[in-house]
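What follows is one structure encoded as structure tokens, with my remarks underneath.
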Amino acid sequence: MSVLVTGASGFIGGHLLEALKSAAQSVSLRDPGWPKTIARHRPSAIIHLAGYAHGRGSEERIQKVNVCGTKALAEEAVRCGVKRFIFLSTIKVNGEATHYGCPFTPSDLPAPQDPYGISKHEAEVGLREIARTTGMQVVIIRPTLVYGKGAKGNFKSLMKLVARGLPLPLASIHNLRSFVGIDNLVDFIITCLEHPAAANETFLVSDGEDLSTPDLIRRMARAMNRPARLLPVPVWALKAGASLIGKGAAVQRLCGNLQVDISKARSLLGWVPPVSVEEGLRRAVGGSW
């Protein structure tokens with residue numbers, strides 16, 4: 001199978017390329033000028049990872065790249081005879097938080113709340129319409145927070161705090177959040193690339209084990225061979241203090257719930273996350289601390 005990957009220079013893209021090459025897939029790469037490259041490479045499938053992430057660029061730029069760019073790529077893919085188009089979306093299409101023990105499912109009504117989530121939802125809608133009217137198969141994947149070696153953002157910041165052995169006032173948090181290790185996400189993308197039942201479906205993906213924030217920190221510390229220093233500070237006090245310094249949203253993510261149900265991936269595709277949370281964290285921090 002010939003595969004074109006956009007966003008190949010990113011965190012997810014780099015890991016995906018290694019896995020595709022190991023699987024002896026013929027891979028082409030492209031970041032800028034996506035639609036213009038398809039005719040030259042003539043892939044049978046496209047994995048579309050590229051896009052503007054939340055916190056980067058103006059709303060106009062996010063809309064142009066994530067929505068208009070994705071649709072243009074898909075339309076060109078149809079003209080070039082691409083059979084399957086895999087789109088990496090985001091759990092933000094479902095929303096920002098869940099109630100404890102009530103995970104998001106692929107069939108939930110979308111409820112994106114920020115420009116990034118809204119743009120990904122609009123791209124999904126456009127892709128489904130293209131699939132309906134042309135016959136090109138579209139697969140939509142909404143991952144939770146992705147961690148692994150080379151990850152940036154909130155996960156990297158938390159790793160640094162744990163590595164320094166700093167006391168963290170998070171012991172009183174009782175929440176549940178879903179995460180997905182990069183190796184599990186890559187394995188799932190490749191499964192969707194090849195599995196006939198994935199055509200025109202939407203999937204949520206995670207490690208299949210939900211963690212509280214304190215539990216995540218303890219496991220992260222164990223993977224680093226560091227002590228986990230957690231202090232019992234009331235959640236209301238954490239939120240109040242964070243609001244005063246403009247960090248309310250960040251603390252809300254640490255305290256809140258965001259769970260996903262991956263039973264559709266298990267039942268329809270027979271997919272089971274191949275890497276445990278412990279092993280995923282060990283790989284994420286290995287040799288860095």
Side-chain angles (χ1 to χ4, degrees), residues 10-15 52-56 90-92 95-98 100 103 113-114 116-117 143-186 205-260 273 275-289:
F11 163 57
I12 296 172
H15 286 270
Y52 259 63
H54 46 94
R56 293 175 51 203
T90 173
I91 195 57
K92 282 175 166 283
E96 296 290 336
T98 58
Y100 189 97
Q113 297 179 26
D114 66 7
Y116 176 68
T144 55
L145 185 147
V146 185
Y147 68 90
K149 193 169 183 63
K152 299 180 181 179
N154 294 332
F155 188 81
K156 182 177 181 180
S157 298
L158 187 58
M159 282 202 301
K160 286 183 176 180
L161 291 174
V162 174
R164 291 171 184 166
L166 298 175
L168 301 173
L170 306 174
S172 298
I173 296 174
H174 301 288
N175 64 343
L176 283 176
R177 297 188 72 87
S178 301
F179 303 91
V180 61
I182 185 62
D183 295 310
N184 285 337
L185 176 58
V186 164
V205 60
S206 78
D207 287 334
E209 179 183 1
D210 298 339
L211 306 176
S212 69
T213 297
D215 192 21
L216 172 64
I217 291 169
R218 292 185 189 101
R219 295 193 191 195
M220 193 181 289
R222 188 160 59 242
M224 296 178 183
N225 197 26
R226 297 281 199 276
R229 295 189 170 96
L230 293 165
L231 304 179
V233 175
V235 171
W236 67 263
L238 278 177
K239 292 181 177 179
S243 296
L244 290 175
I245 60 173
K247 297 293 184 180
V251 169
Q252 180 58 45
R253 286 191 291 271
L254 285 172
C255 297
N257 303 291
L258 200 163
Q259 299 173 259
V260 303
V275 178
S276 68
V277 172
E278 283 78 11
E279 176 62 16
L281 288 173
R282 188 192 67 78
R283 295 180 185 182
V285 307
S288 300
W289 314 99

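In this chain, residues are counted from 1 in sequence order.
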| Set of residues satisfying salt bridge (Lys or Arg N to Asp or Glu O under 4.0 Å) with respect to Asp215, sequence neighbours excluded |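 If we apply the salt bridge (Lys or Arg N to Asp or Glu O under 4.0 Å) test to Asp215, skipping adjacent residues, the hits are Arg219.
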| query | Can you list the residues that meet the salt bridge (Lys or Arg N to Asp or Glu O under 4.0 Å) rule with Arg283, with sequence neighbours excluded? | reply |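 Scan of Arg283 (salt bridge (Lys or Arg N to Asp or Glu O under 4.0 Å), adjacent residues dropped) gives Asp183, Glu279.
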On a heavy-atom basis, which atom in [X] and which in [Y] lie closest, and how many Å separate them?
{"X": "Pro103", "Y": "Val260", "answer": "CB-C, 3.6 Å"}
{"X": "Pro143", "Y": "Leu185", "answer": "CB-CD1, 4.1 Å"}
{"X": "Val180", "Y": "Ser206", "answer": "CB-CA, 3.7 Å"}
{"X": "Pro273", "Y": "Gly208", "answer": "CG-N, 4.4 Å"}
{"X": "Gly256", "Y": "Asn175", "answer": "O-ND2, 2.8 Å"}

| request: Return yes if some donor-acceptor pair links the side-chain N/O of His15 with the main-chain N/O of Gly10 below 3.5 Å, else return no. | output: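 Not a single qualifying donor-acceptor pair exists.
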| field | Donor-acceptor under 3.5 Å (Arg229 side chain, Gly165 main chain) | value |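 Between the backbone of Gly165 and the side chain of Arg229 there is a qualifying donor-acceptor contact (under 3.5 Å).
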| message | Working note: Val205 + Thr144, criterion side chain to side chain contact (heavy atoms under 4.5 Å, CB included); need CA distance, chi angles, decisive distance, verdict. | response | CA-CA 7 Å; Val205 60; Thr144 55; over 6 Å; no
Distance, nearest 0.5 Å, that separates [atom1] of [X] from [atom2] of [Y]:
{"X": "Leu254", "Y": "Ser212", "atom1": "CG", "atom2": "OG", "answer": "11.5 Å"}
{"X": "Phe155", "Y": "Ile182", "atom1": "CZ", "atom2": "CD1", "answer": "11.5 Å"}
{"X": "Leu230", "Y": "Arg218", "atom1": "CG", "atom2": "CZ", "answer": "5.5 Å"}
{"X": "Met224", "Y": "Arg164", "atom1": "CE", "atom2": "CZ", "answer": "11.0 Å"}
{"X": "Leu231", "Y": "Ser172", "atom1": "CG", "atom2": "OG", "answer": "9.0 Å"}
{"X": "Leu176", "Y": "Glu209", "atom1": "CG", "atom2": "CD", "answer": "10.0 Å"}

Could you tell me if the side chain of [Y] sits less than 4.5 Å from the side chain of [X], heavy atoms only?
{"X": "Leu211", "Y": "Val277", "result": "yes"}
{"X": "Met220", "Y": "Met159", "result": "yes"}
{"X": "Lys152", "Y": "Phe11", "result": "no"}
{"X": "Asp114", "Y": "Glu96", "result": "yes"}

| request: Begin from the C-alpha positions of Glu278 and Arg282 and carry the test salt bridge (charged side-chain N to carboxylate O under 4.0 Å, His left out) through to its verdict. | output: CA-CA 6 Å; Glu278 283 78 11; Arg282 188 192 67 78; over 6 Å; no
| Which of these, Leu238, Ile173, Leu170, sits in a side chain to side chain contact (heavy atoms under 4.5 Å, CB included) with Val233? |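 Only match with Val233 under side chain to side chain contact (heavy atoms under 4.5 Å, CB included): Leu238.
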| said: Taking side-chain hydrogen bond (donor to acceptor under 3.5 Å, both in side chains) as the criterion, tell me which of Asp207, Thr98, Asp210 meets it with Ser178. | reply: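 That would be Asp210; it is the only one of Asp207, Thr98, Asp210 passing the side-chain hydrogen bond (donor to acceptor under 3.5 Å, both in side chains) with Ser178.
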| request: Starting from the C-alpha separation in whole Å, work towards a yes-or-no answer on side chain to side chain contact (heavy atoms under 4.5 Å, CB included) for Arg177 and Gln259. | output: CA-CA 5 Å; Arg177 297 188 72 87; Gln259 299 173 259; over 6 Å; no
